[in-house]
There are 2 protein chains.
Amino acid sequence: MKIKNSRLEAIRLILSTKGIGSQEELLNELAREGFKLTQATLSRDLHQLRVVKSVGANGSYSYVLPRSERYRHGGTDGDVLPVSQEIDTTGYRSIRFSENIAVIHTTPSYAGTLAYKIDNCDFPEIIGTIAGDDTIMLVMAEGVNRTAVLRALKTIIPGI
Amino acid sequence: MKIKNSRLEAIRLILSTKGIGSQEELLNELAREGFKLTQATLSRDLHQLRVVKSVGANGSYSYVLPRSERYRHGGTDGDVLPVSQEIDTTGYRSIRFSENIAVIHTTPSYAGTLAYKIDNCDFPEIIGTIAGDDTIMLVMAEGVNRTAVLRALKTIIPGI
DNA sequence: ATAATAAAGGAATAAATATGCAATCATGAA
DNA sequence: TTCATGATTGCATATTTATTCCTTTATTAT
């Protein structure tokens, strides 16, 4: 189904950017983006995405996508494959935000290459990066939101 | 309290060993080992240990400990905070904070190793690090205070 | 030791989440 | 097309998990 896949995509995007503490909360976010569904369906979606409700550093709950089992949506059939089973040229593993910094984790040794690619794109949303061996620190431009950064990165990391 | 700590220890051991799918199930396992408690208390214990209910490969649910709380042998008393083995080969020299960034200075050449250790602990308070030769830049999670970061780091840098 | 304060735990319940069932919709074969 | 099959979903509900309120137990300061 077309709708379901784009919904799963929306869920992944939302969970990557905002801190969501309950399915109801996520339901509202989805409604805001035009998705109409019930908690039952959302529960099933989250189960399929293997999302877990974890306890943050501050003690509150938040839903997180497991980086070991990232899914991407297939364009044709409804089947989804874990990214880990694909040939991955970027080395991308996960991204997290804190204030105006994004931290990208990669396969060991891939961080430099990926950061170089990002720099080369001259995204206005991103003012610079520093890479270690498996980690990139990325500084966001002022006033830019995280969704915009993800959208930009998507052009070079399709599976993000 | 004595009982609580040994119970938390038991929980960690059980979760490291068996596949547990619900709190009630875990409650039974604990009863089998002589721990008498209610689901309410167990819920609180699991929250403290940051245990998450995740979705296994077979689609069924199972409780898992975060890496930073996985079971290891050794320390028995006091806090549940994990202990590292190494005897101050960290090279740690100093730490300073600015906003959501911490900068750690080390003995020359030690930064990479220390950063690697920090990353491996998967502290929820820390979303990533990058190391140079004698400097580590560390990005704190949002909403986390510096004391919490120091407390986390203390588990691998006792002298911090 | 005693009072004050904090931590721990149970019972009941609220809140959150998963699921059985039936209806709907799509897809493909005959 | 028509039938069979499988996927998707909502509704209602079962199940599970978190929390509120209150009592008990430990810890600290005086």
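Every value quoted in this text rests on a predicted model; they were computed, and no experiment measured them. Every chain is numbered from 1 and lettered A, B, ... according to where its sequence line falls, protein lines coming before strand lines.
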Checklist outcome for this item: Atom OH of A:Tyr61 and atom C1' of C:dA14 are separated, to the nearest Å, by 14 Å
Could you list the donor-acceptor pairs under 3.5 angstrom formed by side chains in residues 127-135 of chain B, with sequence neighbours left out?
residue, atom, partner, partner atom, Å
B:Thr129, OG1, B:Asp119, OD1, 2.9
B:Thr129, OG1, B:Asp119, OD2, 3.2
B:Asp133, OD1, B:Ser109, N, 3.3
B:Asp133, OD2, B:Ser109, N, 3.3
B:Thr135, OG1, B:His105, ND1, 3.3

Checklist entry - B:Leu8 CG to C:dA8 P: how many Å, rounded? => result 9 Å
Checklist outcome for this item: Heavy-atom closest pair (A:Gly21 atom, A:Lys53 atom, distance to 0.1 Å) is O-CE, 3.9 Å
Checklist entry - Nearest-Å distance, CD (B:Glu25) to P (C:dA18)? => result 16 Å
Item to check | Rounded interatomic separation in angstrom, taking CD from B:Gln23 and C1' from C:dA18 | outcome: 14 Å
Checklist entry - Please give, in whole Å, the distance from D:dT9 P to A:Arg7 CZ? => result 4 Å
Next on the checklist: I'd like to know if B:Arg44 reaches the base of D:dT20 with its side chain, counting only an N/O donor and acceptor under 3.5 Å.
Outcome noted: yes
Next on the checklist: Would you say OH of B:Tyr116 has more than 12 non-hydrogen atoms from neighbouring residues, nucleotides or ligands within 6.0 angstrom?
Outcome noted: no
Next on the checklist: I'd like to know whether CD of A:Glu99 has more than 12 heavy-atom contacts from other residues, nucleotides or ligands below 6.0 angstrom.
Outcome noted: yes
Checklist outcome for this item: Under a 4.0 Å heavy-atom cutoff, the residues of residues 33-41 of chain B touching DNA chain D are B:Gln39, B:Ala40
Checklist entry - Does the distance from a Lys or Arg side-chain N to an Asp or Glu carboxylate O, for B:Lys18 and B:Glu33, drop under 4.0 Å? => result no
Checklist entry - To the nearest angstrom, how far is B:Leu49 atom CG from C:dA8 atom C1'? => result 15 Å
Next on the checklist: When you measure from the side-chain N and O atoms of B:Tyr63 to the phosphate of D:dT17, is any distance below 4.0 Å, counting only OP1 and OP2?
Outcome noted: yes
Checklist entry - Can you tell me how far P of D:dT16 sits from CG of B:Leu46, to the nearest Å? => result 15 Å
Checklist entry - Can we say B:Glu125 and B:Arg50 salt-bridge, meaning some charged N sits less than 4.0 Å from an Asp/Glu carboxylate O? => result yes
Checklist outcome for this item: B:Phe123 and B:Ile118 have their tightest heavy-atom pair at CD1-O, 4.2 Å
Checklist entry - Just how far, in rounded Å, is C1' of C:dA18 from NZ of B:Lys53? => result 8 Å
Next on the checklist: So A:Ser43, base contact, sugar-phosphate only, or nothing? Heavy-atom distance under 4.0 Å.
Outcome noted: base
